[in-house]
Student: 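What follows is a single structure, and I will ask about it in a moment.
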2 protein chains.
Amino acid sequence: MSRADNANPDLFPDTPFATNPPPELPEGGLRVVALGGIGEVGRNMTVFEHAGRLLVVDCGVLFPEDSQPGVDLILPDFRAIESRLEDIEALVLTHGHEDHIGAVPFLLKLRPDLPVIGSRFTLALVAAKCKEHRQTPTLIEVTEGRRTSHGPFECEFFAVNHSIPDALAVAIRTAAGLVLHTGDIKLDQLPLDGRLTDLAGFHRLGDEGVDLFLVDSTNAEVPGIVAPEREIGPVLERVIAGATQRVIVACFASHVHRVQQVLDVAEANGRKVVFVGRSMVRNMGIAADLGLLRLPENLLVDLDEALSLPDDRVVFVSTGSQGEPLSALSRMAQGEHKQIRIRSGDTVVLASSLIPGNETAVFAVVNGLIRLGANVVHQGNAKVHVSGHAPAGELLFLYNAVRPTNVMPVHGEWRHLRANAELAISTGVAEDRVVIAEDGVVVDLVDGTARIAGRVEVGHVYVDGLSVGDVGESTLSDRLILGEGGFIAITMAVDSSTGRAVAPPTLSGRGFSDDPKALDAVVPLVEMELSRTEAEGITDTHRIAQAVRRVVGRWVAETYRRRPMIVPTVIPV
Amino acid sequence: MSRADNANPDLFPDTPFATNPPPELPEGGLRVVALGGIGEVGRNMTVFEHAGRLLVVDCGVLFPEDSQPGVDLILPDFRAIESRLEDIEALVLTHGHEDHIGAVPFLLKLRPDLPVIGSRFTLALVAAKCKEHRQTPTLIEVTEGRRTSHGPFECEFFAVNHSIPDALAVAIRTAAGLVLHTGDIKLDQLPLDGRLTDLAGFHRLGDEGVDLFLVDSTNAEVPGIVAPEREIGPVLERVIAGATQRVIVACFASHVHRVQQVLDVAEANGRKVVFVGRSMVRNMGIAADLGLLRLPENLLVDLDEALSLPDDRVVFVSTGSQGEPLSALSRMAQGEHKQIRIRSGDTVVLASSLIPGNETAVFAVVNGLIRLGANVVHQGNAKVHVSGHAPAGELLFLYNAVRPTNVMPVHGEWRHLRANAELAISTGVAEDRVVIAEDGVVVDLVDGTARIAGRVEVGHVYVDGLSVGDVGESTLSDRLILGEGGFIAITMAVDSSTGRAVAPPTLSGRGFSDDPKALDAVVPLVEMELSRTEAEGITDTHRIAQAVRRVVGRWVAETYRRRPMIVPTVIPV
């Protein structure tokens, strides 16, 4: 039987119900609160507090769901630290993925001189991002094995393996104890760059005594271990060697090792490579500059040259693996890409995961490509992707190395957090020392014991276009109503002294019906209502509007059984 | 290596490009055209034409995607047969799922006396559905082994196994040849009701010579075979026997055999059962009446009684397994169900598939339940679901039994159709006799050869509330714009002879910003523009509106980088 059948029902019953603001942090204690990233996958940001000072680990973005239409990005909620910006000693970044660094410019806007600590590749990506925001942050480069000091926080960095080079875990020592934060982590035992997750280092920390262990939960529900990244190379080799026409490989723009394998196979098969997509071009340029990507001379061509090469002499390495509607790959799948036309016999490889929520978009791309005759290779029919997150089998290695006193699962939805908690317990961590929190839940480590102390408010902070925060739940709720049913606008000009309509009411619907006569039948009802309000001597525009809204709303519910937004406007003249 | 690596790139290159209307059907030929269900999963409806007469197989609905907001259902496009309704001899239904029978009332509205052929359970579900539409259709019950005659079409019915009882495949004999349509099918070799898919019958047809084989493609990408439905019973037994509190099992409301296994386990464990959800109550009532569901005496209780029983004495059998936002299960997961409160230690079983596109909704339910302390068992962590569709391994059995001359994959997106086509070819069907069509593509079987003859127009027909067809692509496009960015309405009253504004313009946004002052800065720009149009002597309300739309649109793009709908209304007074 599986894990779920054996779950202990009495664990963690109280977390969702912690609503009280936390008491003052006891002296000598350490406080931990996530402003994003727990109870969701994305916008990771954890704040540590000790002796009146703060240390922040990661500052990422979350991508919106269907229930958050029109939103570009979701930021961690900075409110809990807004009044304490000067108390922040440093921002530590574990690696360069958007869900860990994407919100850095927004935090730097509040605190431009905040020291930003990270590995070389991570900081190069941050620098590129900050440049777009015209920021020049204070960057402090670290590598595994290094120790740094930030006020009362002593940091030590450890190599970890993930789906981006140069990822780090961070140990944080304070007078309250020793904390280890994995960041995103897996335990590939044959990593392409030979850089293993430092299990021995974790074991040494375990010997010293880890008081609190924050652990990546993303794959805690998945049994077993991840296959080595290097097993993808031979699969790519078979696919590309067997292709007689164009090959297009889509993958994440930060997955340097995946791209490296594509380059190696392309070179071995006498194909040139072209990068397609702004972030792919930028990131691979950075990776090559830093020596993380081996770029054989004369391998790379630009798009014009690629298009002039014979079909069997080129590989396109592209973004768009998640079915993003404006990406090059989506446009190819719809036959709408200006330069790259998919032809029968072309090969497209989606060398990427399928992020939950993107299924419809990704399969639309797959179906479009197949419809045009392409041979589509994806993780559903070939081993062209492995995850970057430790599944259950690997997490057990971590727990057994670290032997923590207290555990706090991070990075995941509730189902992931709970699965991770159960893994911790199975290795011997005491049940009452496993703390499942969620965003805003305040966990205090005092005298070696971690406990939920209360909750601070953490909401969704939306970026829509150029502004941050002015789109909130009320606007989103309106968008959802408008998106479902459109609106009916009724415009009326009335004499402000008598309340008499001085022109016929104008009715128009958008997103309501394709039928131009759809609203004809309600016009007389509106006119009758206006006569009634006039007869009753009503001149208040708001009251007139409300009366008309009621009439139109009732009519549309009865006639169409629909719920468009009803928008009456009364102009006093 | 997997199938995709070996795909033949030269297959089926022309299908998407067939755009010509078909020529007249040659005498003695058979024409096949799907008005829904090929190139998509849902709204299955296939029209067969021979000797001037039509036979329709299935008439289902499709559920909308995110790009079709506010739509309740999508119907097959009847336009191709609207002028030939009297030519239809009969509607044959293969089984009672919504994607095969859901649009029957809409077809009957056009042709109330159309004979509807199907098995007992299928027709009972159709009758219940038609009753809601106040229709009394002409129902003709058939069973496996039966033959019926409808004009030039001779039908023979075969037992098939699926995720609903009483499913049928149909063979159609005409002078043009013998056609076999699987409907939805799998080959469970240990079916709960002992009713095997009639492979021997298919083999006999194969001996006779099947000229065209229409085959369910849904699982053609999935290797292997499906585990028997009866393997779920012991898993449910372990889960329910081990539960100390309430158990809630969610599954499809038509999956009688799944529900039967829940009932049997509940009975064995001394628990009563309550059905939750309108369709669950209705369908299980029908199934019990027809003897398809064994309902032990005194097992069933109503909700009030269930709530008064001790927690370990009841099983709730509920709808909502797809995360439908208004379902009982969703409301329980949000802690908003009026009568059923999830408590720490309750067990929830999602004994169902996860239909692609529903991932976000389903996991929101799972996370909500886990957050409240429930133990959630689903197909990701226990074997509580098996598919109702034949995967590759079972499809091969079908092809080898039938040995068809021509094959037409049905029921599936392009990726499924192509995978199914490749399976057919692997069993020896000639490559040029495998026809991948999509909705509207006309396939003619003439002199024993099936070929694409052209295309008829097949669009999406939307049901939204009470009306059909008035919501079209233009309305949906408006809804998508409104849903992404809301709208800004500008209302202006102008003197119709001078074009002078007689009142200050009114600006209001909905779904645009939570900030009440968000639009303040554009008001002077609108007033300036109105002065300009007045100065230029413009009195045409449409021209004034256009001018103001441009000003506001440019301002919002520059200031916010957003694209709300701009809705100017000019009232002449």
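All values below come from the heavy atoms of this structure, side chains included, with hydrogens, waters and symmetry mates left out.
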Student: Given that the side chain runs from C-beta out, which part of A:Ile571 has a heavy atom under 4.5 Å from chain B: side chain, backbone, both or neither?
Tutor: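 Contact with chain B involves the side chain of A:Ile571 alone.
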Student: Please check if atom CZ in A:Arg343 has more than 12 non-hydrogen atoms from other residues, nucleotides or ligands closer than 6.0 Å.
Tutor: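 Enclosed.
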Student: Heavy-atom distances under 4.5 Å only: say whether B:Thr491 touches chain A with side chain, backbone, both or neither.
Tutor: both
Student: Do any N or O atoms from the side chain of A:Thr475 and from the backbone of B:Ser513 form a donor-acceptor pair under 3.5 angstrom?
Tutor: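 Checked: pair present.
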Student: Give, as side chain, backbone, both or neither, the part of B:Asp464 having an atom under 4.5 angstrom from any heavy atom of chain A.
Tutor: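 It is both, since atoms from each part get that close.
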Student: Checking B:Gln68 against chain A: side chain, backbone, both or neither under 4.5 Å from a heavy atom?
Tutor: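 No part of B:Gln68 comes within 4.5 Å of chain A.
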Student: Side chain, backbone, both or neither: which part of B:Thr360 has a heavy atom under 4.5 Å from chain A?
Tutor: side chain
Student: Under a 4.5 Å cutoff for heavy-atom pairs, which residue among B:Val502, B:Asp66, B:Val366, B:Asp515 has the most contacts with chain A?
Tutor: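 Among the listed options, the one with the most contacts to chain A is B:Asp66.
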Student: Among the options A:Gly368, A:Ala374, A:Gly509, A:Ala493, pick out the one with the most heavy-atom pairs lying under 4.5 Å from chain B.
Tutor: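 With the most close heavy-atom pairs to chain B, the winner is A:Ala374.
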Student: Among A:Ala243, A:Gly485, A:Ala518, which residue forms the greatest number of heavy-atom pairs with chain B at distances under 4.5 Å?
Tutor: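 Option with the top pair count is A:Gly485.
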Student: Please find the pair of heavy atoms, one from A:Pro69 and one from B:Gly483, that lie closest to each other, and give the distance.
Tutor: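 Shortest heavy-atom separation between A:Pro69 and B:Gly483 comes out as CB-O, 3.1 Å.
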Student: Quick check on B:Ser67 against chain A: is it the side chain, the backbone, both or neither that has a heavy atom closer than 4.5 Å?
Tutor: neither
Student: Below 4.5 Å from any heavy atom of chain B, which atoms of A:Glu359 appear? Answer side chain, backbone, both or neither.
Tutor: side chain
Student: Let me confirm one number: the NE2-CZ distance from B:His416 to A:Phe363, rounded to the nearest 0.5 Å.
Tutor: 7.0 Å
Student: Using heavy-atom distances under 4.5 Å, tell me whether A:Glu40 contacts chain B through its side chain, its backbone, both, or neither.
Tutor: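 Neither; nothing under 4.5 Å.
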Student: Using heavy-atom distances under 4.5 Å, tell me whether A:Ala557 contacts chain B through its side chain, its backbone, both, or neither.
Tutor: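 Neither part.
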Student: Does any heavy atom of chain B fall under 4.5 Å from the side chain of A:Thr506, the backbone, both, or neither of them?
Tutor: side chain
Student: Non-hydrogen atoms of chain A under 4.5 Å away: do they reach the side chain of B:Ala361, the backbone, both or neither?
Tutor: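 Neither part; nothing is under 4.5 Å.
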Student: Looking at chain A, which one of B:Thr347, B:Ile370, B:Asn367, B:Asp478 has the largest number of heavy-atom pairs inside 4.5 Å, strictly under?
Tutor: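 Option with the greatest count: B:Asn367.
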Student: Got a salt bridge between B:Asp72 and A:Arg562, using NZ or NE/NH1/NH2 to carboxylate O under 4.0 Å?
Tutor: no
Student: Against chain B, work out which of A:Ala503, A:Pro504, A:Gly486, A:Ser474 has the most heavy-atom pairs shorter than 4.5 Å and name it.
Tutor: A:Ser474
Student: Heavy-atom pairs under 4.5 Å with chain B: which of A:Val471, A:Asp514, A:Leu466 has the most?
Tutor: A:Asp514
Student: Go through the atoms of B:Val222 and report whether side chain, backbone, both or neither lie under 4.5 Å from a heavy atom of chain A.
Tutor: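 For B:Val222, no heavy atom lies under 4.5 Å from chain A.
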Student: Can a donor-acceptor pair be found, under 3.5 Å and without considering hydrogens, that links the side chain of B:Arg479 to the backbone of A:Glu484?
Tutor: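 Present.
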Student: Heavy-atom distances under 4.5 Å only: say whether A:Pro223 touches chain B with side chain, backbone, both or neither.
Tutor: neither
Student: For A:Met565, is it the side chain, the backbone, both or neither that has a heavy atom under 4.5 Å from a heavy atom of chain B?
Tutor: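 Answer is side chain: those atoms of A:Met565 sit under 4.5 Å from chain B.
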Student: Determine the minimum heavy-atom distance between B:Asp470 and A:Phe512, stating which atoms define it.
Tutor: OD2-O, 4.4 Å
Student: Using heavy-atom distances under 4.5 Å, tell me whether A:Val567 contacts chain B through its side chain, its backbone, both, or neither.
Tutor: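 Only the side chain of A:Val567 comes within 4.5 Å of chain B.
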Student: Which answer fits A:Arg510, side chain, backbone, both or neither, if we ask what part of it has an atom under 4.5 Å from a heavy atom of chain B?
Tutor: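 Answer is both: backbone and side chain atoms of A:Arg510 are under 4.5 Å from chain B.
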Student: Do A:Arg371 and B:Arg418 have side-chain heavy atoms sitting under 4.5 Å apart?
Tutor: no
